[in-house]
Each structure stands twice: as structure tokens, then as C-alpha cells.
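So that the names make sense, note that chain A is the first sequence line, chain B the second, and so on, each numbered from 1.
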Amino acid sequence: MADIQSLPGFREFYPEERAILGHVFEVWRRTCRRYGFREWESPVLEPLELFTEKSGEEIVRQLFNFEDKGGRQVSLRPEMTPSLARMVGAKANGMAKPIRWFAIGENYRYEKPQKGRLRAFYQLNADLLGEAGPTADAELIALCADCLIGFGLQATDFKIRISDRTLWFKYLESQGVPEANASAVLGVVDKLERGSPADLLQAMNIALAGTKVDAAKLLADVRTFAAIRSLDDLTKVAGSDAAMQARLTEWQLLLSTIASLGFSECVTIDLTIVRGLAYYTGFVFEAFETSGDARALAGGGRYDTLVKKLGGPDLPAVGFGMGDVTLRDLLASKKLIPAYADGPDFFVMVLGNDVRPSALEDVAKLRRAGFRVEYNLRDGKFPKLIQSAETAGAKFALIYGTDEVAKGVTKVRSLVDRKEAEVPRADIIPALRAVLEEGMDAIIP
RNA sequence: GUGGUUGUAGCUCAGUUGGUUAGAGCACCGGUUUGUGGUACCGGGGGUCGGGGGUUCAAGUCCCCUCAAUCACCCCA
């Protein structure tokens with residue numbers, strides 16, 4: 001056991017683990033490319049102000065920040081969106097809109113680690129900038145769904161709950177809540193499912209301090225409003241409120257676009273989702289697994305003011321993040337993690353030091369041709385070597401003994417069905433390429 | 001940050017009311033007479049029993065502290 005352990009909340013990935021991570025990255029990347037998104041990357045370490053300026057004091061204590069040797073206040077990135085906003089903002093004027101970008105990177109936050117929640121985790125970020133209309137939100141929600149479906153998950157395994165901070169603000173306005181108190185009230189809404197009635201009422205009283213709104217009544221109204229699950233019911237509640245009705249036509253476009261793209265059964269209206277993050281401005285959504293814990297798999301929404309706040313142009317934007325930790329837990333429980341297979345194509349069995357030069361000559365030749373090749377570094381006996389080939393995970397063994405080398409051939413042995421055939425060493429590249437593609441039949445006379 | 005649970009070889013665990021050089025299975029390495037592999041048998045390496053301190057003639061076994069994992073709360077980018 002090593003004396004020095006890895007830091008709490010940080011993971012080590014042995015090859016088997018790294019292969020799973022690679023699979024996750026691969027599905028994310030492939031799916032985003034299918035939607036026309038392009039990959040970007042930003043520094044892992046950023047000036048502390050990038051994250052504190054917009055997020056406020058509460059988030060500072062969760063930042064993985066410190067002072068560097070030059071006396072700079074720096075922080076590992078807790079998310080990639082501020083970096084994205086800065087990068088896009090700097091060059092947005094010259095970029096074709098809409099901008100479709102995605103990134104896969106490790107993010108950090110200094111918190112007490114728990115299952116599904118670490119100090120370092122990988123996350124997919126997909127963002128669409130330059131389009132303010134709901135069609136952009138729909139595109140991102142579709143991409144989010146496809147990023148989950150790409151792993152083999154069914155539409156019934158998860159649900160994307162869609163909510164709307166704009167609609168909430170319009171609703172609260174219609175209930176007489178001053179604009180200044182609206183955010184605090186949404187904070188209470190966020191806790192509706194978890195808090196006790198007494199705590200919620202107290203929280204609501206604090207949120208409404210200095211106003212004439214009745215806390216108990218608003219709490220009841222808000223609870224009812226949050227429970228609405230259909231556009232029709234929302235329209236009824238909106239009644240003659242023009243602002244809310246206008247917003248609901250946006251909803252219609254959002255939902256019809258999602259339907260046209262074929263993702264109706266993946267989404268549901270759920271106004272209990274408000275998301276804590278301060279910079280969200282419009283539609284927000286979270287993807288949950290439908291079984292068991294119902295943990296959040298992904299979350300995102302519209303942040304139309306962030307780019308400008310960070311010094312860029314006035315650029316509307318919508319995006320989401322999807323972490324690897326919870327996703328992996330879900331894939332494991334659904335048995336959707338592919339078997340680990342990372343062996344070489346060929347294991348060259350060098351039977352004796354007399355033939356070693358000839359064997360290594362072919363090893364090098366095969367490697368230059370792009371094959372994955374391993375061989376025994378030390379001399380060994382036949383049964384031992386064939387077992388080595390097996391445990392290395394090779395598909396085929398290439399036997400180099402004195403007989404074979406004398407005849408100018410190598411013997412190919414399938415480690416799966418144990419068939420054997422000889423191949424002239426002069427033809428080794430095309431012959432083995434055929435073996436990999438068509439199997440042993442390609443060289444069995 | 002607060003509280004509960006857990007911590008013995010790479011993995012899964014045994015270790016009796018504290019008592020001699022801490023064990024098993026799997027895994028790994030080697031061998032079973034020298035060119036054909038998932039079985040069987042034999043052997044080997046590997047643990048300062050998470051770390052530190054204390055009680056005792058004696059502690060993996062009891063007490064305290066600490067570290068880590070995990071669960072709940074908090075918070076969620």
C-alpha cells in the first residue's frame with residue numbers, strides 16, 4: 001500500500017477504468033458532432049475573479065482556489081461556462097452564428113466528497129450561442145437526450161424536466177411580488193419538494209420581507225403553480241395576463257420543435273426546477289434518471305446575459321452540462337458499460353533467441369503497418385507463451401520457431417477457435433490484414 | 001461544515017471472553033522433463049492488521065485522536 005494516497009475526491013483510472021471513461025467521452029463526442037457542434041478547450045486554472053464576479057460569495061467557498069507562486073489568486077475551474085463566455089465574447093463579432101460548441105473537461109470543486117459527487121469530475125458542456133429563440137433551447141434539449149440515448153439508454157430510463165425562470169418571474173409579478181423579491185421566492189420554490197411546511201413558510205416570510213404579499217397564500221399558490229404539468233393548464237392559469245400568454249407562445253414553439261425532432265417522450269414540464277445558478281435567465285432543464293434515486297444526470301438552461309457581463313457583446317446563449325460520475329453509476333446499473341477489450345491484434349511468440357532477430361524484424365514491420373503487436377521480451381516455453389498471448393487479450397498468436405523461420409513462414413493461431421495456418425513472411429502484411437478483417441478463413445487453404 | 005457506519009494481503013473476507021513467528025479463496029509469479037492455452041497438483045512473492053498515541057506482562061482485538069471511504073443533512077456549477 002502506498003504511503004501517499006491520492007487526494008480525497010480525486011480518482012485514479014486503471015486501464016479498465018480509463019477505457020470506460022474513454023467510452024463515455026467517445027459517445028459524447030460522436031453525438032455532439034452529429035449535431036454540428038465543434039470541440040473547444042480552455043485552461044483548467046483560471047483567475048479567481050472569473051468565477052467570483054458573477055457567482056457571489058456562496059460559491060467562493062466551494063471553489064478549489066489558492067494563491068500561486070506569483071501571488072495571483074487562482075482557482076481550478078468549477079465549470080466551463082465562464083471560460084466559454086469569455087472566449088466567445090472575445091471573438092464573437094467575427095464568428096458565424098449560431099455558434100455550436102462543446103467541450104469535455106475535468107472540473108473541480110472543493111467539497112466533501114460523496115458518492116456521485118467528487119472534487120474532480122469530467123463533464124460534457126454543450127452550448128449554442130447567438131440565437132435567442134426557443135428553437136435553440138429545443139436543439140440543446142434534443143442533444144442532451146441524444147447524449148443519453150447514445151449509451152443505449154431508453155427514453156423511459158430518464159426524463160428531461162423543463163422549467164422556465166422567465167415564466168416564473170412573470171407569474172410572481174402577476175401575484176404582486178416585487179421584482180426585487182422574486183429571486184428569493186424562487187429559492188423557496190427550489191426547496192418545495194424537500195422542506196417541511198413550517199420551514200417553507202418561514203423561508204417565504206423572509207423572502208417576502210417588506211412587501212404586502214401574504215406568505216401563506218403565496219406559498220400555497222406557488223405550490224399549485226409548480227404542480228402544473230401541461231401547457232393547457234398553464235394557459236388557463238395565465239388567463240388574461242398578456243405577459244404570461246406571450247411567454248406561453250414561446251413554450252409552444254419549444255415543445256413543438258422538440259416534438260418534431262422526435263423527443264416528446266423524453267421531456268416533461270416541471271416548474272419545480274428553477275436551478276440555483278444565478279446566471280440562468282429563461283428556460284432551464286434537468287435530466288433525471290427515472291429509477292431509484294432520480295439523481296440529476298445533466299442540467300442546463302439559457303443564460304442570455306452572461307457573455308455581456310464578462311465583457312463580451314450582447315449574445316444570447318443556452319447550454320447544458322453532463323457529468324461522468326452519476327452517468328457511470330446509471331450505466332453500470334443498466335448494464336450498459338461495454339466489456340473491456342484492449343488487447344493487441346497479434347501476440348508474437350518468440351521461441352528461442354535464435355529466431356528472435358527474425359521475429360522482431362516482423363514485429364517492427366507489423367507495427368509500422370499500424371497493427372497492435374506485443375511479444376515476449378524474455379525467452380519462454382511454448383505453453384507459457386501461448387498463455388501469455390491469451391492473457392494479453394490478443395486475438396491471434398504468431399508463432400516464430402526454428403521450423404517456421406527456416407521455412408520462411410510464420411504460423412498464425414487464432415486464440416478464439418484455435419485454428420492454425422501458415423503465412424509466408426514475405427506476404428505478412430496483406431495476409432494478416434485479411435485475417436483481421438475476415439478471420440482465419442482468409443488464409444486457411 | 002454537522003452527525004451515523006465502516007477500514008485486516010491487488011480483490012472478497014476469517015481471525016473465538018485481548019495470548020506464542022496474522023490466515024483462506026480468487027488474482028499474480030514460478031514449477032509439474034523440454035512446440036500447443038482456460039482444468040488438476042506443488043511452490044513463491046505480497047500485510048509495520050488505514051495512521052498515531054494510550055491501557056496491559058501481552059492488542060488486529062479495549063480507549064482516545066487522526067486520515068479515508070460511505071450514508072444522511074447542507075450545498076449543488
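- If you take atom C1' in B/rU12 and the same atom in B/rA27, they sit 11 Å apart, rounded to whole Å.
- Taking atom C1' on both B/rG7 and B/rC13, the two are 13 Å apart, rounded to the nearest angstrom.
- Side-chain atoms of A/R109 lie closest to B/rC76 of the nucleotides B/rU34, B/rC76, B/rC75.
- For residues 119-132 of chain A, no pair satisfies salt bridge (charged side-chain N to carboxylate O under 4.0 Å, His left out), with sequence neighbours left out.
- Ring pair A/F225/A/Y171 is parallel by interplanar angle, where below 30° counts as parallel and above 60° as perpendicular.
- The residues A/R86 and A/E46 are annotated as salt-bridged, a charged nitrogen and a carboxylate oxygen being separated by less than 4.0 angstrom.
- Rounded to an integer number of Å, the gap from CD of A/E16 to P of B/rC11 is 13 Å.
- The ring pair (Phe, Tyr, Trp, His ring centres under 6.0 Å) pairs that include a residue from residues 386-432 of chain A are A/F346-A/F396, where partners are two or more places apart or lie in different chains.
- Taking the C1' atoms as reference points, B/rG46 lies 14 Å from B/rA22, given to the whole Å.
- The ring pair (Phe, Tyr, Trp, His ring centres under 6.0 Å) analysis of residues 122-143 of chain A, with sequence neighbours excluded, yields the pairs A/F25-A/Y122.
- Both A/G299 and A/F10 sit near RNA chain B, but only A/F10 has its closest nucleotide nearer the 5' end.
- The CD-P distance, from A/Q62 to B/rC75, rounds to 10 Å in whole Å.
- Between the side chains of A/N181 and A/E179, not a single donor N or O lies within less than 3.5 Å of an accepting N or O.
- Using a cut-off of 4.0 Å between Lys/Arg side-chain N and Asp/Glu carboxylate O, A/R72 and A/D68 are scored as salt-bridged.
- Checked for salt-bridge contact, A/E286 and A/R161 miss the test: no charged N lies under 4.0 Å from a carboxylate O.
- Comparing B/rG18 with B/rC28, their C1' atoms are spaced 35 Å from each other, to the whole Å.
- In RNA chain B, stems built from 3 or more consecutive Watson-Crick or G-U wobble pairs, each with both distances under 3.5 Å, span B:1-7 with B:67-73, B:10-13 with B:23-26, B:28-32 with B:40-44, B:50-54 with B:62-66.
- Spacing between B/rU61 and B/rG19 at atom C1', rounded to whole Å, works out to 11 Å.
- Which of B/rG3, B/rA69, B/rU36 sits closest to the side chain of A/K112 comes down to B/rG3.
- Counting any heavy atom pair closer than 4.0 Å across all strands shown, A/G380 reaches no nucleic acid atom.
- Taking atom C1' in both B/rG50 and B/rA9, the straight-line distance is 14 Å, to the nearest Å.
- Evaluation of the side-chain hydrogen bond (donor to acceptor under 3.5 Å, both in side chains) rule for A/W251 yields A/D164 as partners, not counting sequence neighbours.
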| task | List the steps, then state whether side chain to side chain contact (heavy atoms under 4.5 Å, CB included) holds for A/F263 with A/I149. | result | CA-CA 11 Å; A/F263 294 96; A/I149 291 169; 4.0 Å; yes
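- A/T326 comes within contact range of no nucleotide atom at all, as no heavy-atom separation falls under 4.0 Å.
- Phosphate contact (OP1/OP2 of B/rG30, side-chain N/O of A/K384, threshold under 4.0 Å): present.
- The CG atom of A/L118 sits 15 Å away from the C1' atom of B/rC71 (whole-angstrom rounding).
- Here A/R418 lies in heavy-atom contact (under 4.0 Å) with a base.
- Judged by distance alone, with hydrogens and angles left aside, the side-chain atoms of A/K97 form a donor-acceptor pair with the main-chain N or O of A/M95 at under 3.5 Å.
- Here B/rA68 presents its P atom at 15 Å from CD of A/E12, a figure rounded to the nearest Å.
- Summarising the geometry, the separation between NZ on A/K381 and P on B/rC29 is reported as 16 Å, rounded to the nearest angstrom.
- Atom name C1', nucleotides B/rG30 and B/rG45: the rounded distance is 10 Å, in whole Å.
- Atom CZ of A/F64 is separated from atom P of B/rC76 by 20 Å (rounded to the nearest Å).
- Relative to the side chain of A/E420, the nucleotides B/rU36, B/rU34, B/rA69 differ in distance, and B/rU36 lies closest.
- With C1' as the reference atom, B/rG10 and B/rU66 are 26 Å apart, rounded to whole Å.
- Applying a 4.0 Å cut-off to non-hydrogen atoms, the residues of residues 393-413 of chain A that approach RNA chain B are A/I399, A/G401, A/T402, A/D403, A/E404, A/K411, A/R413, listed by residue number.
- Atom CG of A/D190 and atom C1' of B/rC74 are 13 Å apart (whole Å).
- Between the C1' atom of B/rG31 and the CD atom of A/Q387 lies a distance of 15 Å, rounded to the nearest Å.
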